[in-house]
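Quick notes on the structure that follows.
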Amino acid sequence: NAGVTQTPKFQVLKTGQSMTLQCAQDMNHNSMYWYRQDPGMGLRLIYYSASEGTTDKGEVPNGYNVSRLNKREFSLRLESAAPSQTSVYFCASSEVIGGYGYTFGSGTRLTVV
Amino acid sequence: AQSVTQLDSQVPVFEEAPVELRCNYSSSVSVYLFWYVQYPNQGLQLLLKYLSGSTLVKGINGFEAEFNKSQTSFHLRKPSVHISDTAEYFCAVSVPYSSASKIIFGSGTRLSIRP
């Protein structure tokens with residue numbers, strides 16, 4: 001009954017460090033997404049994967065890379081973290097691209113100093 | 001392209017009072033519409049969705065929303081709010097049957113309930 005699981009929940013990085021945010025879903029969903037949430041800006045799509053083996057850029061992809069490891073897992077990598085990447089990151093999944101609603105993870109709060 | 005606008009960034013109301021959170025969308029094709037709720041320090045949870053059919057949609061926790069195609073609106077309502085409804089609410093839109101479709105979120109409305 002886990003749904004979408006994100007790790008870690010909190011992380012502090014120094015500028016220039018790299019890290020990978022992990023996301024796994026157990027609902028057999030085809031599509032997965034990475035969003036960032038910043039105050040007053042709602043959720044902005046970073047990257048998405050419509051199905052296993054495909055990934056595409058969203059609204060704000062610069063500074064990020066993704067890997068759809070298998071149907072369950074979709075990771076987000078910051079190669080060289082910058083203070084502008086301080087944010088809360090959410091992973092989500094859906095049965096098919098766009099519909100019929102997403103299931104979200106509980107988020108990763110990332111601070112880059 | 002689709003877009004969604006939430007007209008109020010913050011809505012303060014007294015406990016047991018009614019509330020309406022406003023949402024307008026823009027699209028040249030038919031859309032799916034959603035409302036999500038985010039409680040403090042948590043992820044987003046689907047409150048309700050409109051896919052087709054009846055324009056009045058009922059969701060969890062006593063919330064409902066009405067799809068108005070002519071006004072391009074999808075306002076969220078609750079007749080009597082409780083302290084536990086304090087949260088941020090996001091309206092969202094997507095285009096069905098599109099391989100390139102993703103859900104687009106509004107900027108959110110923070111609902112604060114006063115005792």
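Reckoned from all heavy atoms, side chains included, excluding hydrogens, waters and symmetry mates. Note that this is a predicted model, so its numbers are computed, not measured. Chain identifiers are assigned alphabetically (A, B, ...) following the order of the sequence lines, protein sequences preceding nucleic acid strands; residue numbering begins at 1 within each chain.
- Under the 4.5 Å side-chain criterion, counting only non-hydrogen atoms from C-beta, B:Phe90 is in contact with A:Gln37.
- Taken together through direct or relayed side-chain contacts under 4.5 Å among Ile, Leu, Val, Met, Phe, Trp and Tyr, B:Ile104 and B:Val31 form part of one hydrophobic cluster.
- Looking at B:Gln45, neither its backbone nor its side chain comes within 4.5 Å of chain A, counting heavy atoms on both sides.
- Annotation for B:Arg110: atom CZ does not count as buried by contact number, only 12 or fewer foreign heavy atoms lying within 6.0 Å.
- Rounded to the nearest 0.5 Å, atoms OH (A:Tyr35) and CD1 (B:Ile103) are 6.0 Å apart.
- Taking non-hydrogen atoms and a 4.5 Å limit, the residue list of residues 65-81 of chain B in contact with chain A is empty.
- Within residues 106-113 of chain A, the residues having any heavy atom closer than 4.5 Å to a heavy atom of chain B are A:Ser106, A:Arg109, listed by residue number.
- A 6.0 Å sphere centred on CD of B:Glu16 holds no more than 12 heavy atoms belonging to other residues, nucleotides or ligands.
- Side-chain contact between B:Leu46 and A:Tyr102 is absent, with no heavy atoms from C-beta onward closer than 4.5 Å.
- Hydrophobic clustering of Ile, Leu, Val, Met, Phe, Trp and Tyr side chains at less than 4.5 Å, counting indirect connections, keeps A:Val12 apart from A:Phe10.
- Of the atoms belonging to B:Leu51, it is side-chain heavy atoms, and not backbone ones, that fall under 4.5 Å from chain A.
- Under the 4.5 Å side-chain contact rule for hydrophobic residues, A:Tyr33 and A:Leu78 do not share a cluster.
- Each of A:Leu45 and A:Val4 belongs to its own hydrophobic cluster when Ile, Leu, Val, Met, Phe, Trp and Tyr are linked at side-chain heavy-atom distances under 4.5 angstrom.
- Annotation: side chain of B:Leu44 is in contact with side chain of A:Leu43 (closest heavy-atom distance under 4.5 Å).
- Rounding to the nearest 0.5 Å places CZ of A:Phe104 at 13.5 Å from CD of B:Gln42.
- Tracing side-chain contacts under 4.5 Å through hydrophobic residues (I, L, V, M, F, W, Y), one reaches B:Val19 starting from B:Tyr39; they form part of the same cluster.
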Checklist entry - Given the rule in the side chain to side chain contact (heavy atoms under 4.5 Å, CB included) test, do B:Phe105 and A:Met41 qualify, once you have shown the distances and angles that lead to the verdict? => result CA-CA 9 Å; B:Phe105 289 87; A:Met41 302 189 74; over 6 Å; no

